[in-house]
Amino acid sequence: MSAVRSLLLLTVAVVHTNVVNSYSVGQGHALSHRRGFLTQSIATVSASCAVVSAPLVALSAEDAAEDLDTDFITTDSGLKYKVIKEGTGAIPEPGQAVKAHYTGWLDGFDSPKKFDSSRDRGRAFTFNVGTGRVIRGWDESFSTMRVGERRQIILPPRLAYGDRGAGGIIPPGATLYFDVELLGIL
């Protein structure tokens, strides 16, 4: 933020200098110089606002990316997850059947591009962990969760549907965003 403040102070100094110079020069022909002064001041302020707002947008995008990286844990495979609610139950063993709720999105959590949700259907999803019956990212995530745990997970394409996509709903090469909850081991 100090870079933005410095830029803002510099902009104010430039506007002030232009105003003082325009006013000093313009005292001989007051009306024509007032118009020039106003035109120059408006142009300077407009340009300054554009210069100041551009870094703010860039910093906001950087801050958002840093927040995403600091809030999420990244595994060796590239899966990113954030625990929303700690679980207190057991961790499923490979091959065990589990019951889970999930919601999946393209383009980020809570985006308008929700593609599926067991919660919306009111019916939990059942599968065997670690057997390859679901996408790789799910096998990896659910194999380390405790019963009762809820996570947000971000799956790069290689842990989801890869270059093939799925069912005309998930495009090839898509990163998927899921909110998942391990309800129980069956």
Side-chain angles (χ1 to χ4, degrees), residues 1 3-4 50-186:
M1 289 300 258
V4 172
V51 167
V52 169
S53 65
L56 290 176
V57 171
L59 287 174
S60 296
E62 275 180 22
D63 290 344
E66 285 176 16
D67 286 346
L68 184 64
D69 288 342
T70 59
D71 288 349
F72 283 77
I73 296 167
T74 303
T75 67
D76 290 341
S77 70
L79 178 144
K80 292 183 180 189
Y81 72 93
K82 176 171 63 171
V83 176
I84 304 300
K85 179 183 140 201
E86 294 286 341
T88 57
I91 298 171
E93 297 291 327
Q96 283 187 304
V98 296
K99 183 165 77 169
H101 265 315
Y102 68 91
T103 302
W105 297 270
L106 300 169
D107 299 336
F109 300 103
D110 296 323
S111 82
K113 294 186 178 181
K114 183 189 319 182
F115 60 83
D116 196 11
S117 176
S118 66
R119 288 184 185 92
D120 289 352
R121 287 191 300 277
R123 186 170 169 208
F125 180 69
T126 303
F127 68 99
N128 292 359
V129 172
T131 61
R133 299 280 185 180
V134 294
I135 54 180
R136 286 179 51 207
W138 271 38
D139 270 340
E140 180 181 341
S141 189
F142 280 98
S143 70
T144 61
M145 292 175 69
R146 293 190 172 278
V147 172
E149 185 173 325
R150 186 169 180 173
R151 289 181 179 181
Q152 287 184 330
I153 59 175
I154 303 172
L155 305 181
R158 70 181 171 283
L159 297 178
Y161 294 99
D163 292 334
R164 69 183 190 278
I169 297 170
I170 298 171
T175 296
L176 302 182
Y177 300 80
F178 286 99
D179 181 316
V180 297
E181 182 176 11
L182 180 55
L183 300 173
I185 299 173
L186 306 176

(request) Might you work through the side-chain contact (heavy atoms from CB on, under 4.5 Å) test for L79 and L155, ending with a clear yes or no? (result) CA-CA 5 Å; L79 178 144; L155 305 181; 3.5 Å; yes

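- Put simply, the side chain of P94 does not reach to within 4.5 Å of the side chain of V129, judged on heavy atoms.
- A pairwise comparison of heavy atoms in D163 and P172 identifies O-CB, 3.0 Å as the closest pair.
- Legend: residues meeting side-chain hydrogen bond (donor to acceptor under 3.5 Å, both in side chains) with K99, ordered by chain and number and at least two apart, are absent.
- D107 meets the side-chain hydrogen bond (donor to acceptor under 3.5 Å, both in side chains) test with K113; sequence neighbours excluded.
- In this structure, the separation between CD on Q152 and CG on D110 is 7.5 Å, given to the nearest 0.5 Å.
- Applying the ring pair (Phe, Tyr, Trp, His ring centres under 6.0 Å) test to F127 and every residue at least two apart in sequence or in another chain returns F125, W138, F142.
- Between F115 and F178, the ring centre distance stays below 6.0 Å.
- When every heavy atom of P157 is checked against every heavy atom of G173, the shortest pair comes out as CG-O, 3.2 Å.
- The side-chain heavy atoms of K80 and T175, taken from C-beta on, include no pair separated by under 4.5 Å.
- Among all heavy-atom pairs drawn from S77 and E140, the shortest one is OG-OE1, 2.6 Å.
- The structure places CG of L106 at 12.5 Å from NZ of K114, a figure rounded to the nearest 0.5 Å.
- By the 4.5 Å heavy-atom criterion applied to side chains, V147 and L183 are not counted as neighbours.
- Crowding of R121 atom CZ: a count of heavy atoms from other residues, nucleotides or ligands under 6.0 Å exceeding 12.
- Closest heavy-atom contact between N128 and D139: O-OD1, 4.0 Å.
- Dense packing is recorded around CG of D120, with more than 12 heavy atoms of other residues, nucleotides or ligands lying under 6.0 Å away.
- E149 CD to S141 OG: the interatomic distance, rounded to the nearest 0.5 Å, is 7.5 Å.
- Distance check, rounded to the nearest 0.5 Å: CD1 of I73 to OG1 of T144 gives 9.5 Å.
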